[in-house]
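In what follows, a structure is listed as structure tokens, so that the remarks can point back to it.
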There are 2 protein chains.
Amino acid sequence: MTPATIVDVARAAGVSKTTASDALRGHGRVSDATREAVLRAASELGYAINRSARSLRTATTGAIGLYIPQVVFRSEHYLSFVYGVVDVAAGFDYDVTVIVAGEEARPNYAPHVDGLVMIDPAEGDAMVERLLAMGLPVVSSERFPSGQQPTGVVWSDHGAYTRVLLDHLAERGAHRPALLASATVSDWSIGIQESYLAWCRDHGVEPAVAVATFGTDASQAQAEAAAILEREPDVDALIGASDGFAAAAAPVVTAAGRVIGEDLLLASCVDNSALRAMHPSVTAIDTKGGEAGAECARLLFRLLSGETERGASIELPLELHVRESTQGRSQG
Amino acid sequence: MTPATIVDVARAAGVSKTTASDALRGHGRVSDATREAVLRAASELGYAINRSARSLRTATTGAIGLYIPQVVFRSEHYLSFVYGVVDVAAGFDYDVTVIVAGEEARPNYAPHVDGLVMIDPAEGDAMVERLLAMGLPVVSSERFPSGQQPTGVVWSDHGAYTRVLLDHLAERGAHRPALLASATVSDWSIGIQESYLAWCRDHGVEPAVAVATFGTDASQAQAEAAAILEREPDVDALIGASDGFAAAAAPVVTAAGRVIGEDLLLASCVDNSALRAMHPSVTAIDTKGGEAGAECARLLFRLLSGETERGASIELPLELHVRESTQGRSQG
DNA sequence: CTGAAAGCGCTAACAT
DNA sequence: ATGTTAGCGCTTTCAG
């Protein structure tokens, strides 16, 4: 049995193709009685639209692309983000096509989509350039580090939340917070770093910054954490900027003879389930992956429909989850 | 400027549509000279095929679907899996459409794909039923727990690796290993559990099993871990079946006055970066997400081309990474 | 080795 | 409020 087409539905309902099409899409042209007849016929025949035909006719694809940079260390945020995007797209009857780095190697690569959502665009990412060059509407999660601009942005003020976190550490008795910063060049990492330096200046604190990249293992982050504790013995709080830094630093802190949550407060700029499960559990900023994904998709659909103008920018609030690792002596 | 079509290419090369199409797809019909002329014209015009038109004509979609169950706790495995699938699909010039649970609520939901890859199909998952009912070729990562069967399977012998792990623990001096099992009903969780019980029987060891689910937080797994240590004081090794269990159990073990890697060996049936970064680092079975994804996609394309028969089953070998948490006293 | 013509299933334009 | 016609861009007959 070949699947039913719109002509089969039209015939069964005793109307023309056009009327069937209008009825199925809810266009006001048709009378209620006709619409019902068409819908009944469609459901009886198990009719499902042929998206290729619609796409060819309307010059749309019925899919949006989702670009995920190939890093494993923010996997929880990314995966939640994917769920958020797919969820919203489903509401618009759109599919989501995933795009990952590496495909730019294909000479004529062009995903078959109407628009794009990009997570964490990084400076100098060839795939980002490639996708922007396609000329489709693009919404990015987090602002572009420089140069080109996407059609829309959903961003969070990581700098502001870093200040909130620093104030919290100070309130819990920390006098010399250190930052284990991320070497990645992104709006997010820069915001955290600048905000930290500004806070230190404002509070007359000497900054203590180490930089690490997070690849397949945590050894570099751990070495940097150890070095900073050794070099600056009066450091009494440590913030891990990247996902994984704080968890990686924890054993190093303990090995250095410090007690997390008492004489060394530990916190992360990116929350994840490992931080919740650790002992002591680690204070962190929730980056709200699912909501960010959903918001990006919503903005993209508004852009596609023309409902929102190019250049739109939406700020997504974050949340600081205070846990045991920043208890402080006073609360002990 | 509307994009160039195949007619534009044909005209520029001085041939017919048909010949242009044949040349572009490398069909043997055309002479070398003609092909070159067509390819040159195409590249000069920046021609990109209109996939909707091809799809309509050939009744294919140019995309495969990837179903990811909505759980965050295996995020690293899943995300690597996605990369593996997309990578292979790209080699076949196919897009990958992500499908997540929840979409089955839409009455006529049917993703626009030629075939499907499903990760970890669980018993009673409505979306799994729904996707199978579409009648498309389906490859699943891990075998189906029961009932319906997919067109092809890529699976790993988690039971066998659990035995390897148990033998390793015994060799490092453990006499009474306990299992913190997963409540999820999947081929994977069942294989681990059965294999554990069989091993205990074979070695005359009294089994010690606790069952936990892993949702947004680790508290249940932690409570179960604490209870088993309390109830069975001679337990000297603990295996976390699900991703996250071992990491969650670690602080509980320490709080119970046990020393990980010495009087209590800790291991996980699913590896992740948190386990590598912990102190002590935790011995784990590498579930090879990226390779599993790639293998699933390869099998799906072989099934789509008819190169492989329905019912194919491929075993993917895993790997045990021995780390500090199962050092044992002797090696101390 | 190449071309002409038909048609995939749908929707937009133009009727009535 | 509904029907008729044309055509989206491609691949597949069928004819040379």
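From a predicted model like this one, the values you see are computed outputs, not experimental measurements. So you know, we letter chains A, B, ... as the sequences are listed, proteins then strands, and number each from 1.
Across A:L56 and B:A53, no two heavy atoms sit closer than the pair CD1-CB, 3.7 Å.
Taking the six-membered ring where the residue is Trp, A:Y94 and A:F301 present perpendicular rings, their angle passing 60° and hence far from 30°.
For A:T61 and A:D114, the side-chain atoms include at least one donor-acceptor pair closer than 3.5 Å. For the residue pair A:T19 and A:S16, a side-chain donor N or O sits within less than 3.5 Å of a side-chain acceptor on the partner. For the 3.5 Å distance criterion, the side chains of A:S55 and A:S52 fail to qualify, holding no donor opposite an acceptor.
With rounding to whole Å, A:R57 atom CZ is found 8 Å from D:dA6 atom C1'.
Of the two residues near DNA chain D, A:S31 and B:H27, the one whose nearest nucleotide lies more 5' is A:S31.
An angle of 30°, rounded to 10°, separates the two end axes of the helix from C:dC1-D:dG16 to C:dT16-D:dA1, each defined over five pairs.
Taken from CD1 in A:I6 to CD1 in A:I49, the straight-line distance is 6.5 Å, to the nearest 0.5 Å.
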Worked check of side-chain hydrogen bond (donor to acceptor under 3.5 Å, both in side chains) between A:R35 and A:S31:
CA-CA 6 Å; A:R35 169 162 28 254; A:S31 72; over 6 Å; no
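As judged by a 4.0 angstrom heavy-atom cut-off over every strand, A:S52 is placed among residues making no nucleic acid contact.
In the set D:dG3, D:dT11, D:dG9, D:dG3 carries the atom at the smallest distance from any side-chain atom of A:V15. Nearest nucleotide to the B:I6 side chain, out of D:dG7, D:dC10, D:dT2: D:dC10.
Interface residues of residues 18-26 of chain A facing DNA chain D, ordered by number: A:T18, A:T19; criterion, heavy-atom separation under 4.0 Å.
With a cutoff of under 4.0 Å to any heavy atom of chain A, the contacted region of DNA chain C is bounded 5' to 3' by C:dG9 to C:dC14.
Taking 4.0 Å as the cut-off between side-chain N and carboxylate O, A:D93 and A:R51 count as a salt-bridged pair.
Other residues, nucleotides and ligands place no more than 12 heavy atoms under 6.0 Å from the CZ atom of B:R310.
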